[in-house]
Structure formats: structure tokens, C-alpha cells
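Got a structure for you, questions after.
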2 protein chains.
Amino acid sequence: MPRKPSYDREDLIRRARDMFWKQGWAGTSLKNLETTLHLKPGSFYAAFGSKDALYQLALDQYAVDGAATLAALEHAHGPLGALQALPRHVIENKAAPARACMLAKTFLELSPHGHPLADHANGHLTRMEHRFADLFGKAQAQNQISIGHDPHGLARRYQSDLLGLRISAERPDYDAAATALEIAQSLSRL
Amino acid sequence: MPRKPSYDREDLIRRARDMFWKQGWAGTSLKNLETTLHLKPGSFYAAFGSKDALYQLALDQYAVDGAATLAALEHAHGPLGALQALPRHVIENKAAPARACMLAKTFLELSPHGHPLADHANGHLTRMEHRFADLFGKAQAQNQISIGHDPHGLARRYQSDLLGLRISAERPDYDAAATALEIAQSLSRL
DNA sequence: TATATACTTGAGTGATCACTCAAGAAAGAA
DNA sequence: TTCTTTCTTGAGTGATCACTCAAGTATATA
């Protein structure tokens, strides 16, 4: 008996994610979202409940996509190859609305206000860090890098460098490709 | 004949800077500023003209202080020593309201909206990058590091790593001291 | 076709945004 | 003391914020 929605929910979340990713939480108004999603206020709140609820869905989709990207790179290039390919991938990805990491931007913006979404973003960052540690561990098991380093320490440094690269890459005239190459090459010397 | 203001202008800018630095542009309302600066709307606009004008003054004061900090470190530890000491300094500085760089936060938040303050912040970032390149050049002249690298390339990478460190250092449970130490140590191997 | 169950619409809510301005208070010069 | 100039005050501006809800519309089942 019911009537079906005229939209694709996952597609709406993806479009909202791109907008939040680029413009941030405060920088994206309900009016912006209504325009981009072609949704009137009533439909928006019936579908998602609140701006924050949609933002959380967007964060989760971002994290899932990021994990999938890393898994695909591992499948294509192996654990060390994935870690070396990721820096270039994130700054060259034309489908992305921004170079900087949405998790880091969210955490930076909302953490000082004690907003729950900041903790949520930080949790995703931590899970990504663990994923990096897994890959460093696998690279050691395959004798691609020395076993002299703690995989978690390598992941801590790698993620930090990656966040720095992705922020720097937003700047006009910044040679992000050079920094990405250096990060990748430094992994070969481990 | 005139009446003097009852406040210290530089002190007001410093307090506004700390608030903008921690909470960002959109995250800091006029009401917040009026409370912290003990200024009614009329006095605020008579003194600074607009929220954006005060933000720019805050950015400039931040940049001047940053340059002074770097100069002091150079005086104390020499060019290479300053570059090695800075990572630890920025994450341990108890006077700072945040670990992350205010210039980077400003650029990240306002750049997608084409806000003039984003360009202003990026200009300061570029000048800091040049200052880093100067120090790398001096370190080469003093035979502290090899002359095989381009100082500007070293500065490009160093600044990116520093931005990453400072963002990571905002996260709870992140071992920023370890990453800061690794950045410093990597400079000894140049 | 009739009915039940959604989904869609858009005007409207109070709160907060950055900002204005006219009136009053204070302090140095005469 | 008086006058002039500036600073201080705080109610008030229109715009925008996230969000609500009652009324209208479309669709799958019976």
C-alpha cells in the first residue's frame, strides 16, 4: 500500500557527503542541502531526521569508501604497494570534492565544541590507523620492509604525514605530487 | 580633549586570536567575542569594524608570533636545531589554545567559500615555508646537512609533515611526541 | 475503483547571526 | 567649571539558522 520515495537514499547521502566534505559542517546549510538534494524541508527531515544525522551517515559512507579504496589498492599492489600508492591516489582522485581528509576536517572543526560527530570522526581515523598498521605488518611478513619497526608506530607516522600531505595539497601552487612521491619512497627504505 | 579607550587593543586581538584559533571562524560568534573581550556591540564595531577585520588582525598577530618563535629557536639552537626543536615546541606549548596551526585551519575552513581570509592565511603559510627554506639553506651553509637537497623542497616536505603532526596532536591518545621526535631525527639524516 | 499508507509540499516557527545607531557617560583642554 | 571629543551602552535591524507541521498528492493493495 505504501508510496515509494522518488529518490535513491545512498545517492542523496553521497551528494551530501561531497558537500559536507568540501564545505564543512557549519559551512553547509540546510538550504544548501535542500538545493543539492532537491528535497523540501519536510522530505529532508522525514528522510534523515536532522542535519547531524545525515552528516553521520555521510561520515560512515566516507569511511566505508576509504576502506574499500585501500583494500582495492592492496589487491592490486600488495600491502607495501598499497601504502605507497595511497598518497598519490588521494591527491589525484578526480572524483573527490577535496584533497583534505573529511575525517580530519570534521574532527578539527567540531572537536573544540565537544560535538559528538568529532568523536565519531576520530573513531574512523583510529580504525584507519589500525588498517595501516595491518598493512605494515603484512609488509613485514612478506619481507618487504624490515621487522625492526613497530607496525603501529609506522602507521602513526604514516597517517600523520598523509594528513599533512592532503591539507598541503589544498593549497594553490603546492607541489603535492613531490611530497606524495617522497612519502612513498621513504617506505622503501624501511 | 579625547577620551581614551578602557582596553588594551593588542590584548583584545590576542584574546580574539586564541578564540578564533581554537573554535574557527564560523565557530566563533559575535556574542562569544563580546563576552570574552568584555565589549558591547557598539564598542566592538567602533574598535575593529567587523568580525572579518578582527580575524585578519588575529591572523597577522599569529604569523608575527610564529616568526618570532622560529627566530628565537634559531638564536638558541642554530638553523638546523630550530627546525628540529619546532615540532616538539608546537605540540608542547602550553600557552597555545590548540595544537593545530591556525593558518591551516583558517585556510581549510574558508578556502571552499572563496573567502579573502583564506588567501590571507595561505600567504602567511607561504612566507613560513620560505622561512623554513632559509633555515635549511643556512644549515647547508654550516655543513649541518648535505647540500644535495634543494632547500625549498626540504621546506615543502617539512611544513607538510609539521601540519600533519599538529593536526594529529589534537587527537586524544595520539603519541604526538613520538612523531615530533621522528621528524626531528629525520633531519639529522639529511 | 476505493482505500490506506506513505511521500511531498512550502509557509512558518523561534533562535541566533552579524551588525547599527542614537543616546548617555567620561575625560582632557580651555 | 564648561565644552568638546570620544568611548560606552544596549535595544533593535533584517537576514539566515535548523527545524516543524498541516494539507495535498501519489501509489500499491484490496
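Proteins come first, then strands; the chains are lettered A, B, ... in the order of their sequence lines, and each starts at number 1.
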Between A:Thr28 and B:His38, who's closer to the 5' end of DNA chain D by nearest nucleotide? B:His38
May I have the distance from B:Leu39 (atom CG) to D:dC7 (atom P), rounded to whole angstrom? 12 Å
Separation of D:dC17 P from B:Lys31 NZ (nearest whole Å): 19 Å
Selection from C:dA18, D:dA18, D:dT20 that lies nearest to any side-chain heavy atom of B:Lys51: C:dA18
Under-4.0 Å side-chain N/O to phosphate OP1/OP2 contact, B:Tyr45 with C:dT20: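 B:Tyr45 to C:dT20 OP1/OP2: no side-chain N or O under 4.0 Å.
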How long is the line joining CD of A:Glu34 and C1' of D:dA18, in whole Å?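 So the CD-C1' distance, A:Glu34 to D:dA18, works out to 9 Å.
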Taking the side chain as everything from C-beta on, heavy atoms only, tell me whether B:Arg17 gets closer than 4.5 Å to B:Asp65. yes
Provide, to the nearest angstrom, the distance between the CG atom belonging to A:Leu33 and the P atom belonging to D:dC19.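 It is 11 Å, rounded to the nearest whole Å.
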Any base atoms under 4.0 Å from B:Tyr7, or only sugar-phosphate, or nothing? Heavy atoms, all strands. sugar-phosphate
Among the nucleotides D:dT8, C:dC19, C:dC17, which one has an atom lying closest to any side-chain atom of B:Ala46? D:dT8
Over how many whole Å does the gap from A:Phe44 atom CZ to D:dA18 atom C1' extend?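 About 9 Å, once rounded to whole Å.
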Taking C-beta and beyond as the side chain, do B:Leu70 and B:Glu74 meet within less than 4.5 Å on heavy atoms? no
Report the distance from atom CG of A:Leu12 to atom C1' of C:dC7, rounded to the nearest whole Å.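 After rounding, the gap between these two atoms is 13 Å.
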If you apply the rule ring-ring contact (aromatic ring centres under 6.0 Å, His included), what do you find for A:Phe132 with A:Phe136, and how did you get there? CA-CA 6 Å; A:Phe132 292 146; A:Phe136 277 113; 7.7 Å; no
Can you tell me if the side-chain N/O atoms of A:Ser43 get under 4.0 Å from OP1 or OP2 in C:dC7? no
Ignoring hydrogens, what is the shortest heavy-atom contact between A:Asp161 and A:Ile183? Give both atom names and the distance.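 Scanning both residues completely, I find the closest heavy atoms to be O-CD1, 3.8 Å.
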Under 4.0 Å from OP1 or OP2 of C:dT8: is there any side-chain N or O of A:Lys40 that close? no
Just the rounded figure in Å: distance from P of C:dC19 to OH of B:Tyr55.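 The answer, rounded to whole Å, is 15 Å.
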Quick one, A:Pro79 and A:Gln144 - any side-chain contact, counting heavy atoms below 4.5 Å? yes
Take the protein atom CG of B:Asn32 and the nucleotide atom P of C:dT16, then report the distance between them rounded to whole Å. 12 Å
